[in-house]
Colleague: 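Below is one structure. I have some questions about it.
Here is how names work: the chains are called A, B, and so on, in the same order as the sequence lines, proteins then strands, and each is numbered from 1.
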Protein chains: 2
Amino acid sequence: MKLGQATIKDIARELNVSTSTVSRALKDYPGISDETKRKVKELADKLNYRPNAVALSLRKSKSFTIGVIIPEVVHFFFSTVISGVEEVAFANGYNVILCQTNEKFSREKSSVETMLSNQIDGVLVSFSRETTSFDHFKKMIDLEFPIVFFDRIPDLENTINVTVNDYQGAYNAVKHLIDQGFKKIVHLSGPDNLTISKQRKEGYLDALRDSGIKVKPEWIVECPYGTEKESILITTELFKNKENRPDAIFAHHDIVAAGAMMALKALNLKIPEDVGVVGFSNWQFSSMIDPPLSTVAQPGFQIGETATKILLEMISKKTNMESFPQNIVLDTELLIRKSSVKV
Amino acid sequence: MKLGQATIKDIARELNVSTSTVSRALKDYPGISDETKRKVKELADKLNYRPNAVALSLRKSKSFTIGVIIPEVVHFFFSTVISGVEEVAFANGYNVILCQTNEKFSREKSSVETMLSNQIDGVLVSFSRETTSFDHFKKMIDLEFPIVFFDRIPDLENTINVTVNDYQGAYNAVKHLIDQGFKKIVHLSGPDNLTISKQRKEGYLDALRDSGIKVKPEWIVECPYGTEKESILITTELFKNKENRPDAIFAHHDIVAAGAMMALKALNLKIPEDVGVVGFSNWQFSSMIDPPLSTVAQPGFQIGETATKILLEMISKKTNMESFPQNIVLDTELLIRKSSVKV
DNA sequence: TTGTAAGCGTTATCAT
DNA sequence: ATGATAACGCTTACAA
């Protein structure tokens, strides 16, 4: 495309051979004289020849590019996943095209269109908060287009998903709070339509139930946006009255937990003496805040790696769809720090 | 590429017209009967026709794709920049291909090759910590390949760069520490080969000089990796002895500052009473740590937006190279929080 | 108003 | 050992 870029044709012309000869020489096909090979390669080198990946894509119906659709890059979790994706993709000669939806359904749909138009070989998806219809993904699946969902997975048949055990992670976190002697544990939950939110809520509920603690409905508050500000407002509301004040928080993720901690401090409540706090995701900052935040760590990098490995396998069709594990569930790890440990 | 994907040929065959007619009808070219247009569009719709972007790329020598080469996605600053890039690219119908170098020179070189092979229309670059030779970029520039550097800019002629005023940001930060009464201010600096590191160091030096403070050589310590751990080690070393102990830290970025704060706390030094701390970049966590960290905020999103806008202009050659501003320098903002304010 | 054909860069197939 | 040709999907002179 760049004016200066040499093509196979240029080499062929200059050497008075055919393009097929050049093509073959460059890839060491049998049946090309060493002499020719040498000349071709030398000239290619000199002209700084670089195969045109676009022409190859067209010819081979394969672009060596995978797409990633995620809500937002700036979320630590997602950027960690991308790192894992990039790593595996790069190691296998694949490029990564990135589309962030900013949690918008419309952007997600157009991202899917773009990706299909661009003949990408497969796609990794974690869908937006707004997404409730999955027709756009269904379409891809029906076309047998390689697609792997991670973190946020859809309610569809025959999808391949990579997640962490959100239920167990939440269960362990809440169990830990109970073990520490906390009894009135509220849950700042995530958007209701996401499976991860449901799973974490279930884990929370079951942990309380298993310990014989009756859950009050007002203990579960949805934080749909998951921002610090939202969390501060909600937490302040929950804790401002002395009577019946809860004594612990299990937050849907660390930003929400951090917001809650700020609100608690503003109310002059001590963490963990008055209120224990556990978050989810182990964001970069979680070990640095005061007190350090206990949290459920998700292996983001590993999620990215795993999802990409599976996707690349699907692409190269080493195996058929049926042989793929439908759901890969990775383990979380409860990191106990000061915010939840009674002294 | 997907077996199921309809092409212009399919439509042509089914409708008994030529492919050119279909092509023209689809894009409302003049000189096509309304009747034909209608039929073509209807069928296209029914077959779920989607133009093959790869074929278009090849034909037009234009891929509507830009590349981004950065050290690491997981850095809050870079992911913020990507957000800005994505936003502008998307709004203009461009895709974003992402390559992270993991701060490796070799990866950077191969990324450049990949991008060139893939006929991307332009590239945004913030190079790796290891990079000291710029031949690979020089090659692109000589080919008049559209390229915009941001944040980390090379020592090359005729490049277009988007940065923040690191010098001024650092100067303001250190001036602020001096105004607060701190006198023995150390600088935990960045990798020496990066312009940003040099600029920040200069700002630091000039601020001290302008206030008549003599800088001791041992006050400047390089933190090449910029990790929390590295910073903890270095800070502990710097502050463990009572005599001649410094009384403030200006860190090259917030992670380093956060590490320093952890080290100070471990030494039982109070922030900001005993030691004032200012960071750089306003990472997400900076307002949440204890005490909240004063820092120099960089407009990451805006850097991404600006760089991408310029790149797209270069691509569409609305203007010629000479008319481009060589250096866009955006302003930083000093965010004063508790970590640097003497009570 | 529509069709024909060439071409973007590459490779696979069939000749020679 | 090498060449000619068609094809991938699409656009665009040029012709009709």
Colleague: B/Arg13 has an atom CZ; how far is it from atom P of C/dG3, in whole Å?
Modeller: 15 Å
Colleague: Less than 3.5 Å apart, any donor N or O on the side chain of B/Thr159 or B/Gln326 sitting next to an acceptor on the other?
Modeller: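 The criterion, which ignores hydrogens and geometry beyond distance, is not satisfied for B/Gln326 and B/Thr159.
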Colleague: A/Tyr29 side chain N/O closer than 4.0 Å to the phosphate oxygens (OP1, OP2) of D/dT2?
Modeller: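 It does not, given that no N or O in the side chain of A/Tyr29 lies less than 4.0 Å from OP1 or OP2 of D/dT2.
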Colleague: When we call it a touch if two heavy atoms are under 4.0 Å apart, what does A/Val17 touch: a base, just sugar-phosphate, or nothing?
Modeller: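 Sugar-phosphate contact only - A/Val17 comes under 4.0 Å of backbone atoms but never of a base.
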Colleague: Take atom CG of B/Leu15 and atom P of C/dT2, then tell me their distance rounded to the nearest Å.
Modeller: 11 Å
Colleague: For A/His136 and A/Phe105, I'd like to know if the aromatic rings sit close, meaning centre-to-centre distance below 6.0 Å.
Modeller: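 So the answer is yes for these two rings.
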Colleague: Say whether A/Asp121 and A/Ser63, considering side chains only, have a donor N or O and an acceptor N or O under 3.5 Å apart.
Modeller: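 Distance-only check passes for A/Asp121 and A/Ser63.
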Colleague: Counting any heavy atom closer than 4.0 Å, what does B/Lys27 reach on the DNA or RNA strands: base, sugar-phosphate only, or nothing?
Modeller: sugar-phosphate
Colleague: Please tell me which of B/Ser20 and B/Ala55 maps to the more 5' nucleotide of DNA chain D, matching each residue to the nucleotide holding its nearest heavy atom.
Modeller: B/Ala55
Colleague: Please tell me which of the listed nucleotides, D/dT2, C/dT4, C/dT10, lies nearest to the side chain of B/Arg24?
Modeller: C/dT4
Colleague: Base, sugar-phosphate, or nothing for A/Asn16, non-hydrogen atoms under 4.0 angstrom?
Modeller: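 A/Asn16: backbone/sugar contact only, no base atoms under 4.0 Å.
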Colleague: Compare the minimum distances between each of D/dG9, C/dT10, D/dT12 and the side chain of A/Leu58, then state the nucleotide with the smallest one.
Modeller: D/dG9
Colleague: Determine: side-chain N/O of A/Ser61 to OP1/OP2 of D/dC8, distance under 4.0 Å, yes or no.
Modeller: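 False: A/Ser61 side-chain N/O out of range (4.0 Å or more) of D/dC8 OP1/OP2.
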Colleague: Can you tell me how far P of D/dG9 sits from CD1 of B/Ile11, to the nearest Å?
Modeller: 13 Å
Colleague: Which part of the nucleic acid does A/Thr7 contact within heavy-atom distance under 4.0 Å: base, sugar-phosphate only, or nothing?
Modeller: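 If one applies the 4.0 Å heavy-atom cut-off, A/Thr7 turns out to touch the sugar-phosphate alone, with no base involved.
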Colleague: Output the rounded distance in Å from CG (A/Asn52) to C1' (C/dG7).
Modeller: 14 Å
Colleague: What is the distance from NZ of B/Lys62 to P of C/dG7, rounded to the nearest Å?
Modeller: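 Atom NZ in B/Lys62 sits about 24 Å away from atom P in C/dG7.
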Colleague: Between C/dT10, D/dC10, D/dG3, which nucleotide gets closest to the side-chain atoms of A/Ser18?
Modeller: D/dG3
Colleague: Using a 4.5 Å cut-off on heavy atoms from C-beta on, say whether the side chain of B/Glu86 contacts that of A/Arg107.
Modeller: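 Yes. Closest side-chain heavy atoms under 4.5 Å.
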Colleague: Looking at side-chain heavy atoms only, is the closest gap between B/Glu87 and A/Asn102 below 4.5 Å?
Modeller: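 A side-chain contact under 4.5 Å exists here.
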Colleague: Rounded to the nearest angstrom, tell me the gap between atom CG in B/Leu116 and atom P in C/dG9.
Modeller: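 It works out to 15 Å between those atoms.
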Colleague: Closest nucleotide of DNA chain C for B/Lys37 versus for B/Lys60: which of these residues is on the 5' side?
Modeller: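 Of the two residues, B/Lys37 wins.
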Colleague: Name the nucleic acid region contacted by B/Ser33, choosing base, sugar-phosphate or nothing; use a 4.0 angstrom heavy-atom cut-off, strictly under.
Modeller: sugar-phosphate
Colleague: Just checking B/Thr36: base, sugar-phosphate only, or nothing, at a heavy-atom cut-off of under 4.0 Å?
Modeller: sugar-phosphate
Colleague: Assess the side chains of B/Thr114 and B/Ser111: does a donor N or O sit below 3.5 Å from an acceptor N or O?
Modeller: no
Colleague: Rounded to whole Å, how long is the line connecting atom CD of A/Glu35 with atom C1' of D/dA1?
Modeller: 13 Å
Colleague: Side chain of B/Lys9: nearest nucleotide among C/dA12, C/dG9, D/dC8?
Modeller: D/dC8
Colleague: Can you tell which of C/dT2, D/dT2, D/dC10 lies closest to the side chain of A/Thr21?
Modeller: D/dT2
Colleague: Calculate the interatomic distance between A/Arg38 atom CZ and D/dT2 atom P; express it in whole Å.
Modeller: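 Answer to the nearest Å: 13 Å.
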